[in-house]
Amino acid sequence: MHRSHPQLAPGTWAPARRLAQRVLGPLDRFLHVEAASGIVLLIASVVALAWANSPWGDAYEHLWHIPITIGVGSFVFAQPLHFWINEGLMTIFFFVVGLEIRREIHEGELADLKRAALPVAAAVGGMIAPALLYLSLNASPASRHGWGVPTATDIAFAVGVLALLGKRVPPALRVLLLALAIIDDIGAIIVIALFYSSGVAWTGLLIAAGGGLAVLVLQRFGVRRPAAYVVPGAVLWWGMLRAGVHPTIAGVVVGLLTPVRSWFGSHGFLTAARRVLDEVGELAGREGHRADDLLSPLRQIKTAQREALPPVLRLQAALHPWVAYGIMPLFAFANAGVRVDGSSLGHGASGTILLGVMLGLVVGKPLGVFLASFAMVRLGVCALPRGVGWRGIAVVGCVAGIGFTMAIFIAGLAFDDPAKLAAAKLGILVASTIAAVIGLLVGRLVLSGAPVPGAARTLQEAETSAEK
């Protein structure tokens with residue numbers, strides 16, 4: 001007789017399971033909301049700000065200086081907790097960024113030069129204008145090194161603001177913002193590698209090259225398990241650190257080297273699944289078969305399941321929740337705790353840094369995005385996506401002024417002086433808040449949400465449709 005599996009796993013206490021579903025159900029639904037990661041980031045930042053400016057502010061500062069040591073035998077590497085967050089965990093963040101860039105180049109907005117022209121122009125304009133505005137106020141050697149701070153866009157917050165606008169935002173506009181933010185990330189990575197790394201040590205580059213070569217060799221041998229690439233990735237990270245290049249760039253490199261084609265695919269998965277199901281059916285029909293007889297077919301189905309998707313997509317889907325709800329909030333918690341006092345609000349270099357960052361993000365970003373897009377369209381290099389007008393471009397420009405994660409990251413590289421760093425961080429936090437509010441207000445005022453004939457109705461259609 002056929003016996004279906006029970007509703008509860010063996011040993012489960014039904015009242016406890018119902019309680020867990022009541023508690024975790026709303027949390028699970030919250031984590032699937034597009035704006036949720038931005039909300040978690042905001043909460044982490046507010047808590048950090050409150051703690052840093054409370055009577056217990058010194059404890060906040062001391063927390064990030066706790067030394068953490070790793071070592072094997074005579075090799076000992078000790079760094080403060082802040083280092084392991086900014087240079088260690090953020091490497092995973094940059095790895096996910098590299099995966100997204102790789103996927104977009106293969107099959108997304110960056111796969112077609114005609115579709116890529118508009119977001120590339122918007123992103124470049126949105127980096128040049130803030131940098132020029134910042135430098136116009138910070139020409140002195142003491143503060144001009146922070147020109148890269150207002151050039152970055154935070155994709156989580158920006159997409160979150162558009163999500164709060166709901167159906168007013170056409171799918172094509174969301175795709176345009178995503179493409180712009182990805183290209184902006186590429187620009188930020190280039191800026192970090194070229195302008196915010198110390199003098200290059202060739203021995204470190206050789207170590208990094210060895211790690212990258214090991215990744216390629218493993219791929220040639222057909223090694224598909226992600227765990228096998230942890231050691232070569234760590235070697236690449238260590239080499240970057242020794243070379244004077246910021247080690248998080250190693251995450252981008254490994255992400256860009258990740259394969260974009262699946263092994264089995266959907267048809268291969270179906271074939272393997274049917275074969276395994278037939279095998280399991282034969283086992284189930286035998287008298288006295290043992291549980292360990294299922295190990296081999298289950299391993300086969302596990303392999304087929306893993307290889308049904310391209311590694312770049314599989315890894316991105318697996319790591320994105322950890323990055324969005326773990327690493328990025330922890331980074332914000334460790335870096336957004338700015339003590340608001342005379343040093344961060346004062347005159348001189350700190351004052352111009354604060355003002356330069358704010359103007360760069362709030363004014364420079366929308367101005368650069370809009371003017372660069374307008375110029376490229378007028379020159380006939382590209383066209384606006386169907387369903388997207390200049391009002392939509394203006395909204396994208398406004399929300400692109402939300403710098404936050406990447407901007408704070410660059411600020412930490414640009415300034416060693418605590419007062420200047422605090423001024424830059426405060427400028428980022430205030431400007432990002434203003435940009436988010438402006439983006440919401442402008443979006444509600446200028447976006448009607450009325451359907452446009454011929455425009456993409458879903459994100460998938462928007463990603464694959466050509467421009468007029």
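Worth knowing before you read on, the calculation uses all heavy atoms, side chains too, and leaves out hydrogens, waters and symmetry mates. We count residues from 1, following the sequence as given.
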Could you check, using the six-membered ring where one of them is a Trp, whether [X] and [Y] have ring centers closer than 6.0 angstrom?
X	Y	value
Phe264	Phe269	no
Trp51	Tyr60	yes
Trp147	Phe195	yes

| request: Given ring pair (Phe, Tyr, Trp, His ring centres under 6.0 Å), test Phe333 with Trp64 step by step and report yes or no. | output: CA-CA 10 Å; Phe333 185 55; Trp64 311 115; 5.6 Å; yes
| message | Between Asn138 and His145, is there a side-chain donor-acceptor contact under 3.5 Å, judged purely by atom types and distance? | response | no
So, do [X] and [Y] sit near enough that their side-chain heavy atoms are less than 4.5 Å apart?
X	Y	answer
Arg224	Gln219	no
Phe94	Ile192	yes
Ile70	Gln79	no
Pro311	Pro259	yes
Arg444	Leu165	yes
His65	Phe83	no
Ser373	Leu118	yes
Val169	Leu177	no

Acceptor/donor pairs from residues 178-189 side chains to any protein atom, 3.5 angstrom cut, sequence neighbours excluded:
residue, atom, partner, partner atom, Å
Asp184, OD1, Thr153, N, 2.9
Asp184, OD2, Lys365, NZ, 2.7

[atom1]/[X] to [atom2]/[Y] distance, rounded to the nearest 0.5 angstrom?
X	Y	atom1	atom2	result
Ile66	Trp84	CD1	CH2	15.0 Å
Asp416	Leu421	CG	CG	9.0 Å
Asp154	Ile428	CG	CD1	10.5 Å
Met358	Leu429	CE	CG	10.5 Å
Phe77	Thr69	CZ	OG1	10.0 Å
Asn335	Asn86	CG	CG	4.5 Å

| query | Which is it for Leu42 and Phe404 under the side-chain contact (heavy atoms from CB on, under 4.5 Å) test, yes or no, and what are the steps along the way? | reply | CA-CA 10 Å; Leu42 181 62; Phe404 208 76; over 6 Å; no
Please find the pair of heavy atoms, one from [X] and one from [Y], that lie closest to each other, and give the distance.
X	Y	value
Gly360	Pro130	O-CB, 3.3 Å
Leu205	Ala243	N-CB, 3.6 Å
Gly146	Ala414	CA-CB, 4.0 Å
Ile249	Met240	CG2-CE, 4.3 Å
Ala372	Ala121	CB-O, 3.2 Å
Pro329	Ala44	O-CB, 3.4 Å

Distance-only criterion, 3.5 Å: show the donor-acceptor pairs between side-chain atoms of residues 313-324 and protein atoms not counting sequence neighbours.
residue, atom, partner, partner atom, Å
Arg314, NH1, Arg306, O, 2.8
Arg314, NH1, Leu309, O, 3.4
Gln316, NE2, Glu100, OE1, 2.2

| task | Would you indicate whether Glu61, at its atom CD, is surrounded by more than 12 heavy atoms from other residues, nucleotides or ligands within a distance under 6.0 Å? | result | yes
Check: [Y] main-chain N/O paired with [X] side-chain donor or acceptor under 3.5 Å:
X	Y	result
Tyr229	Val223	yes
Thr258	Val254	yes
Ser432	Gly403	yes
Trp238	Gly204	no
Tyr196	Gly148	yes
Arg242	Ile207	no

| field | Evaluation steps, side-chain contact (heavy atoms from CB on, under 4.5 Å), between Glu87 and His246 | value | CA-CA 8 Å; Glu87 276 78 5; His246 203 271; 3.3 Å; yes
| task | Before giving the answer on side-chain contact (heavy atoms from CB on, under 4.5 Å), spell out for Asp58 and Arg339 the whole-Å C-alpha distance, their side-chain angles and the decisive distance to 0.1 Å. | result | CA-CA 10 Å; Asp58 289 339; Arg339 185 167 291 182; 3.4 Å; yes
| said: Evaluate Met328 against Val40 for side-chain contact (heavy atoms from CB on, under 4.5 Å), listing each step before the verdict. | reply: CA-CA 9 Å; Met328 289 175 66; Val40 177; over 6 Å; no
| field | Phe409 and Phe331 aromatic ring geometry - parallel, tilted or perpendicular at 30°/60° bounds | value | tilted
